[in-house]
Amino acid sequence: MTIPAHESALADTLRPDLASWVESANHADTDFPIQNLPLGCFRDARQHTRPGVAIGDQILDLVELDRTGWLFAQPFSDTIARCAADGSLNALLAQGRDVLSAIRHGVSRLLRADGDHGARSRELRDRLLVPMADVEMLVPARIGDYTDFYASIHHASNVGSMFRPDNALLPNYKWVPIGYHGRASSIVPSGAAVRRPSGQTRDDASAPPQFGPTRRLDYELEVGVFIGAGNALGASIPIGQAESHVAGLCLVNDWSARDVQAWEYQPLGPFLAKNFATTVSPWIVSLDALAPFRAPAFARAEGDPAPLPYLHDERDARAGGVDITLEVLIQSLRMRREGVAPMRVSRGSFTAMYWTVAQLVTHHASNGANLQPGDLLASGTVSGAEKESRGCLLERTWRGTEPLTLPTGETRRFLEDGDEVIMRGWCEREGARRIGFGECRGTVIA
Ligand code: CA
């Protein structure tokens with residue numbers, strides 16, 4: 001069998017024995033070995049915004065790389081310049097998956113320890129590399145539209161059983177990838193503080209609602225999907241092509257005020273309980289880098305309906321899942337002051353999702369709605385079947401009835417001021433190099 005050129009090029013970038021001349025990229029526990037090469041956007045010490053590629057604890061500055069003339073020719077130089085001027089990757093993402101794959105392959109060749117390219121790059125390391133510790137990471141794209149899905153059936157069933165005990169999973173769930181339009185303007189980068197929102201709540205059905213700071217602030221662990229090439233208004237995206245519209249994945253914290261949500265969510269769904277802040281991790285990990293970690297789509301229970309034809313694709317059923325291990329840690333203010341390490345609250349896998357990334361993309365565009373470069377789709381809370389894999393406190397503490405105890409003896413039903421929520425994601429498998437997503441962090445302030 002002849003392997004198509006792009007597949008052999010991809011396989012070349014994923015070889016587990018591939019090493020980089022950037023030493024930190026060769027450490028066993030780095031999230032960013034040469035097999036990953038995610039895209040991000042940063043602001044350096046001179047306040048310049050730049051597109052870049054993560055490699056070990058460094059960033060390859062794509063503007064400087066462009067100036068060497070090694071990788072980019074017109075019109076890509078213009079694209080890189082637009083990203084730098086804009087402080088976002090949109091112009092690059094708009095080039096589509098094949099161009100992003102070609103850039104990743106070119107960068108891989110420049111960064112590998114063997115070969116001429118490596119020798120030339122090594123000479124220019126001071127010019128090309130910026131230490132991650134010296135820059136501020138930005139939200140990687142100017143997000144025009146943000147949609148949040150609800151793709152974990154475990155999460156939907158758990159939350160449903162709390163909010164509607166007699167009607168937990170609504171009848172549309174197994175047919176329609178449920179989602180709602182979120183707010184793009186309040187999406188913040190990892191590390192940004194999140195202010196506790198105020199809102200209307202009604203704890204006592206016999207008394208009027210009250211307005212004040214939420215007392216049930218929560219996080220939601222999610223995976224984000226950045227759109228690369230979009231679709232024209234009125235055109236849809238066939239499921240077999242959906243992944244060609246995906247630039248890559250990131251981690252998302254969909255901060256949620258549960259008491260506000262419970263009072264406002266019917267009949268039109270989440271509104272102010274969700275749109276006050278959403279945190280994203282800074283690196284867009286490509287589906288190319290994730291290729292070794294693909295998994296079958298969710299195994300539907302016997303008796304569940306098959307997806308409608310527009311949401312079904314053989315290849316997607318076989319390998320539409322992505323085996324990303326995801327975890328959430330919490331560090332309270334007191335833990336931080338006493339030097340106590342963050343405590344892990346949950347660990348699960350993205351394979352627990354009922355709908356695949358391709359199904360979310362295809363469904364979103366199925367009515368002719370136009371997805372655009374830099375749009376963000378979030379998966380919905382990633383919760384699995386086990387208690388330890390539940391991706392928000394609402395489920396983890398079962399609406400506060402089973403509080404968590406922190407190492408300091410403090411307990412948590414929901415988040416307190418000063419708590420930092422840290423999300424991590426990584427992929428590992430026999431025969432492949434481990435890759436990671438970096439962190440998605442946020443601290444609650446009063
Ligand atoms: Ca959510």
Side-chain angles (χ1 to χ4, degrees), residues 139 143 145-164 168-170 172-173 176-188 190 194 197 199 214 216-226 249-266 268-281 298 324 326-328 345-346 348-350 352-357 359-361 363-364 375-384 389-397 399 414-415 421-423 425 437 440-442 444:
V139 173
I143 299 167
D145 276 298
Y146 160 51
T147 301
D148 193 19
F149 282 95
Y150 199 49
S152 160
I153 194 168
H154 306 291
H155 174 69
S157 303
N158 287 338
V159 173
S161 71
M162 288 180 241
F163 281 47
R164 295 177 305 273
L169 199 65
L170 294 171
N172 56 5
Y173 190 84
V176 186
I178 301 294
Y180 66 96
H181 284 299
R183 185 159 193 87
S185 66
S186 53
I187 296 175
V188 297
S190 179
V194 170
T214 175
R216 295 189 164 193
L217 183 60
D218 201 355
Y219 58 80
E220 288 189 340
L221 166 67
E222 308 198 11
V223 170
V225 179
F226 273 104
L249 309 184
C250 70
L251 306 178
V252 174
N253 182 348
D254 174 26
W255 302 91
S256 300
R258 299 302 184 189
D259 41 4
V260 178
Q261 184 182 358
W263 172 231
E264 76 168 8
Y265 87 104
Q266 287 182 318
L268 287 185
F271 180 34
L272 301 182
K274 298 271 193 180
N275 73 358
F276 57 94
T278 306
T279 305
V280 294
S281 62
F298 189 85
I324 308 169
L326 296 159
E327 65 177 26
V328 180
V345 179
S346 72
S349 169
F350 193 49
M353 306 309 265
Y354 198 77
W355 299 102
T356 64
V357 167
Q359 286 171 323
L360 301 183
V361 170
H363 181 66
H364 204 314
D375 280 2
L376 179 67
L377 317 187
S379 63
T381 306
V382 183
S383 291
S389 66
R390 293 173 180 164
C392 62
L393 285 178
L394 178 69
E395 287 174 89
R396 199 67 187 80
T397 71
R399 214 176 190 173
F414 292 96
L415 296 170
V421 178
I422 305 155
M423 296 175 173
F437 281 74
C440 180
R441 286 174 176 262
V444 177

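We number each residue from 1, following the sequence as shown. In each ligand, atom 1 is the first atom listed, and ligand 1 is the first ligand listed.
- S383 and E395 are linked by a side-chain donor-acceptor pair at a separation below 3.5 angstrom, with hydrogens and angles left out of the test.
- With sequence neighbours excluded, the residues that form a ring-ring contact (aromatic ring centres under 6.0 Å, His included) with Y150 are H155.
- The ring-ring contact (aromatic ring centres under 6.0 Å, His included) test applied to Y180 returns no partner, not counting sequence neighbours.
- Applying the ring-ring contact (aromatic ring centres under 6.0 Å, His included) criterion to Y265, with sequence neighbours excluded, gives F163.
- A donor and an acceptor atom, one from each side chain of W255 and T279, are located under 3.5 Å apart.
- With no hydrogens or angles considered, no side-chain donor-acceptor pair links S256 and D218 at under 3.5 Å.
- Within the protein, the number of N, O or S atoms lying under 3.0 Å from the Ca ion (ligand 1) is 4.
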